[in-house]
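Each chain gets a letter, A, B and so on, in the order the sequences are listed, and its residues count up from 1. Values in this document were obtained by computation on a predicted structure and should not be read as measured data. Heavy atoms only: backbone and side chains are in, while hydrogens, waters and symmetry mates are out.
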Protein chains: 2
Amino acid sequence: MALLSKSCLYGLRTAIYCAHQSGNGYIPISEIAKELEIPADFLTKILQKLTRKKIMSSLRGVKGGIKLGKSSEKISLYDIVQAIDGETIFRKCFLDLEGCGEETPCPFHESWKSYRTDLGNMLKNTSLSYLIENRKYARLK
Amino acid sequence: MALLSKSCLYGLRTAIYCAHQSGNGYIPISEIAKELEIPADFLTKILQKLTRKKIMSSLRGVKGGIKLGKSSEKISLYDIVQAIDGETIFRKCFLDLEGCGEETPCPFHESWKSYRTDLGNMLKNTSLSYLIENRKYARLK
DNA sequence: TTAATTTCGGATAAAAGAGTCTTTAATTCT
DNA sequence: AGAATTAAAGACTCTTTTATCCGAAATTAA
Ligand code: SF4
Ligand code: SF4
């Protein structure tokens with residue numbers, strides 16, 4: 001098990017890659033797929049989820065491809081995770097016991113809740129531009 | 001995507017259920033499965049992972065079944081998660097970028113690392129007995 | 001207008017996870 | 001010793017995720 005699905009990882013890495021490209025033009029998905037070693041057809045499908053949510057924008061045809069749908073400061077990792085994997089990981093209890101929740105919390109409830117909230121905030125507070133500006137610390141691929 | 005696999009959830013819930021039972025005898029897996037609404041044959045397979053790691057102990061035959069392999073104070077949620085889902089969630093970076101890690105960390109690395117460590121510690125510090133002792137706060141099933 | 005390019009959309013295939021079934025081995029009770 | 005019970009083990013099916021394939025639609029360039 002992993003926290004994020006493979007689709008989600010692919011989406012994140014693509015978004016980071018696009019944010020990393022200086023120009024404002026469309027980049028063919030095939031090019032990104034090759035660069036990041038992601039199956040191209042699969043990536044196409046994943047990116048559709050992001051374009052539908054305006055996180056990215058796409059264009060068909062000769063000069064077409066994909067690019068960020070807004071400026072990289074305005075896209076957080078949370079946005080991308082939510083668009084692809086949904087909000088489950090930020091909401092669901094990991095024990096998922098019968099009769100659980102706020103009314104009858106198990107002893108684990110509070111620490112788990114804050115942990116989950118932390119994860120959400122951490123991702124909300126990390127924008128693509130932040131990652132790029134500090135990119136000297138790692139190869140962001 | 002979920003943090004833990006379904007197998008792991010089943011394992012955790014079974015361990016909690018066993019810890020909750022007062023006696024020291026073996027409980028048939030079929031009985032637990034019925035009580036917790038888990039497919040019995042599937043649960044049998046999952047529990048084998050726990051018995052192999054001595055977290056639980058099993059006995060075949062008429063008075064057979066399964067029970068905790070040691071006292072509930074000595075079993076942490078971490079032990080169970082590790083036995084079933086492995087250590088990936090405590091180790092792997094969630095971005096899993098090329099060339100990542102301690103030497104060339106991305107800007108996200110430190111916060112992610114501490115988050116991951118927190119999760120591990122949280123689970124290590126929660127024993128089955130702790131959950132049971134505070135069980136009045138929730139139905140532990 | 002035609003040819004080339006590139007995403008979109010739906011169908012299909014492969015792999016992994018979850019769940020089922022059957023047989024065998026161990027244990028208890030009579 | 002024999003019958004009943006219960007976990008172990010392996011084969012098998014079903015579902016979800018991941019990946020591939022192909023034709024259609026949109027866009028550009030000539
Ligand atoms: S009480 Fe909260 S933390 Fe505990 S099992 Fe239920 S939802 Fe999860
Ligand atoms: S540097 Fe660390 S946090 Fe960042 S992608 Fe790599 S392993 Fe993950």
Side-chain angles (χ1 to χ4, degrees), chain A residues 1-15 18 25-69 81 83-86 88-89 92 96, chain B residues 1-15 17-18 25-69 81 83-86 88-89 96:
Chain A
M1 268 286 155
L3 180 55
L4 303 178
S5 71
K6 222 164 175 185
S7 298
C8 193
L9 286 177
Y10 290 163
L12 280 165
R13 289 172 56 207
T14 300
C18 289
Y26 291 96
I27 308 164
I29 296 178
S30 55
E31 184 184 317
I32 301 173
K34 194 179 173 188
E35 202 66 34
L36 303 187
E37 293 173 36
I38 300 170
D41 289 325
F42 189 34
L43 185 56
T44 302
K45 286 222 176 328
I46 296 163
L47 294 180
Q48 285 168 12
K49 290 186 185 174
L50 296 180
T51 55
R52 283 188 207 115
K53 299 232 174 180
K54 314 281 187 199
I55 293 168
M56 308 206 74
S57 87
S58 67
L59 183 71
R60 298 184 189 184
V62 172
K63 292 244 173 182
I66 202 146
K67 65 176 181 181
L68 296 184
V81 171
I84 298 176
D85 273 357
T88 323
I89 60 164
K92 226 181 95 180
D96 201 24
Chain B
M1 268 289 152
L3 181 54
L4 304 178
S5 71
K6 221 161 176 187
S7 297
C8 193
L9 286 176
Y10 290 162
L12 280 165
R13 289 172 54 209
T14 300
Y17 181 87
C18 288
Y26 291 96
I27 308 164
I29 296 178
S30 56
E31 184 183 317
I32 301 173
K34 194 179 175 189
E35 202 66 36
L36 303 186
E37 294 173 35
I38 300 170
D41 290 326
F42 190 31
L43 185 56
T44 302
K45 285 214 177 331
I46 296 163
L47 293 180
Q48 286 168 14
K49 291 185 183 175
L50 296 180
T51 55
R52 283 189 206 114
K53 299 232 174 181
K54 315 281 188 198
I55 294 168
M56 307 206 74
S57 88
S58 66
L59 183 71
R60 300 183 190 186
V62 172
K63 292 244 173 179
I66 202 145
K67 65 176 180 180
L68 296 185
V81 171
I84 298 176
D85 273 356
T88 323
I89 61 166
D96 201 22

- Between dA18(C), dT18(D), dG19(C), spot the one nearest the side chain of S7(B), thanks. dA18(C)

- Query: Starting at the 5' end of DNA chain D, which residue's closest nucleotide do you reach first, G61(A) or L4(A)?
  - Reply: L4(A)

- Query: Just to confirm, is there a sub-4.0 Å distance from OP1 or OP2 of dC8(C) to any side-chain nitrogen or oxygen of S58(A)?
  - Reply: yes

- Item | Residue-phosphate contact under 4.0 Å: Y26(B) side-chain N/O, dT27(C) OP1/OP2 | no

- Note on the structure: OG of S58(A) to CZ of R52(A), rounded to nearest 0.5 Å, is 10.0 Å

- Determine: side-chain N/O of T44(A) to OP1/OP2 of dC8(C), distance under 4.0 Å, yes or no. no

- I32(A) versus P28(A): any side-chain heavy-atom pair under 4.5 Å? no

- Query: D41(A) has an atom CG; how far is it from atom C1' of dT6(C), in whole Å?
  - Reply: 12 Å

- Message: So, taking the atom named CE in M56(A) and the one named CD1 in I46(A), what distance separates them when rounded to the nearest 0.5 Å?
- Response: 12.0 Å

- Query: Please give, in whole Å, the distance from dA18(C) P to Y10(B) OH?
  - Reply: 8 Å

- Proximal nucleotide (of dT6(C), dA18(C), dA9(D)) relative to the R52(B) side chain: dA9(D)

- What distance do L43(A) atom CG and Y10(A) atom OH have between them, rounded to the nearest 0.5 Å? 9.0 Å

- Task: May I have the distance from I66(B) (atom CD1) to dT27(C) (atom P), rounded to whole angstrom?
- Result: 15 Å

- Message: Quick check: any donor-acceptor pair below 3.5 Å linking the side-chain of R60(A) to the base of dT7(C)?
- Response: yes

- Query: Within the modelled atom types, does a donor on one side and an acceptor on the other bring the side chain of K45(A) and the base of dG10(C) under 3.5 Å apart?
  - Reply: yes

- Message: Can you tell me if K63(A) touches the phosphate of dA4(C), counting only side-chain N or O atoms and a distance under 4.0 Å to OP1 or OP2?
- Response: no

- Query: Atom CD1 of I29(A) and atom C1' of dA26(D): how far apart are they, to the nearest Å?
  - Reply: 14 Å

- Message: What is the separation between atom CG on L36(A) and atom C1' on dA19(D), rounded to the nearest whole Å?
- Response: 17 Å

- Please give, in whole Å, the distance from dT16(D) P to F42(A) CZ? 16 Å

- Hey, which sits more toward the 5' end of DNA chain D by its nearest nucleotide, V62(A) or P39(A)? P39(A)

- Task: Find out whether I84(A) and L12(A) are in side-chain contact, i.e. whether some heavy atom of one side chain is under 4.5 Å from a heavy atom of the other.
- Result: no

- Query: Which whole-number value in Å describes the distance from E37(A) CD to dA19(D) C1'?
  - Reply: 16 Å

- Task: Determine the contact category for L47(B): base if any of its heavy atoms lies under 4.0 Å from a base atom, sugar-phosphate if only primed atoms, P, OP1 or OP2 are that close, otherwise nothing.
- Result: nothing

- Query: Over how many whole Å does the gap from K6(A) atom NZ to dA15(C) atom P extend?
  - Reply: 12 Å

- Message: With a 4.0 Å cutoff (strictly under), does any side-chain N or O of S30(B) reach OP1 or OP2 of dT6(D)?
- Response: no

